[in-house]
Amino acid sequence: MPQMTVRINGYAYQIGCEQGEERHLLAMAQEVDKRVARVRALGFSGESKVLVLAALLMADELSDMVAEKLSSGTQDALIAGEKAERENHYLREQLAVLADRAEVIADAIENA
């Protein structure tokens, strides 16, 4: 497994990659370094904070790209699925309340 040295935020990191993936790794490191530079330009400092903010920028960009690729039908289905999950959670809670009430009634009948 080849070891590559990538530079991000002025620091060198030794990273392993698969044979033939060296260029891709370097390109990805450059993308990360670009986001780090954007974060630094906003006035943030501190290695870990800058890297976390850069990662969040990349995650936001990825989220936007995924949303763009999803068809409107898929997005509608995801929204409907989330709504169904909320409704099912509510119904389970209501069912638990009814089951508790039924147990109270059954106990009252038994003890009468």
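Hydrophobic clustering, with ILVMFWY side chains joined whenever heavy atoms are under 4.5 angstrom apart, groups Ile15 together with Tyr11. Residues Met28 and Leu56 do not share a hydrophobic cluster, defined by chaining ILVMFWY side chains whose heavy atoms lie under 4.5 Å apart. Under the 4.5 Å side-chain heavy-atom criterion for grouping Ile, Leu, Val, Met, Phe, Trp and Tyr, Leu42 is connected to Leu53 within one hydrophobic cluster.
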Would you give me the side-chain donor-acceptor pairs under 3.5 Å for residues 82-103, sequence neighbours excluded?
from, atom 1, to, atom 2, distance (Å)
Asn88, ND2, Ala84, O, 3.4
His89, NE2, Glu93, OE2, 2.8

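Closest approach of Arg40 and Asn9 over heavy atoms only: NE-OD1, 2.7 Å. Closest approach of Gln14 to Met4, counting heavy atoms only: OE1-O, 3.0 Å. Smallest separation of non-hydrogen atoms from Met1 and Cys17: CG-O, 3.0 Å. Closest approach of Ala29 to Ile8, counting heavy atoms only: O-CG1, 4.0 Å. The two atoms that bring Ala54 and Val39 nearest to each other are N-CG2, 3.8 Å, heavy atoms only. Taking each heavy atom of Pro2 and Gln19 in turn, the nearest pair found is CG-OE1, 3.4 Å.
Atom CG of Asp60 and atom CZ of Arg35 lie 10.5 Å apart (nearest 0.5 Å).
In this view, Gln30 satisfies the side-chain hydrogen bond (donor to acceptor under 3.5 Å, both in side chains) rule with no residue, not counting sequence neighbours. Applying the side-chain hydrogen bond (donor to acceptor under 3.5 Å, both in side chains) rule to Arg7 yields no partners; only residues at least two apart in sequence or on another chain are considered.
Of the charged side-chain nitrogens involved, at least one lies within less than 4.0 Å of a carboxylate oxygen, so that Glu61 and Arg38 count as a salt-bridged pair.
A donor-acceptor pair under 3.5 Å is absent between the side-chain atoms of Glu110 and the main chain of Ala108, judged by distance alone.
For the pair Val6/Asp33, no side-chain contact is recorded, criterion being any heavy-atom separation below 4.5 Å from C-beta on.
Glu18 CD: 12 or fewer foreign heavy atoms inside a 6.0 Å radius.
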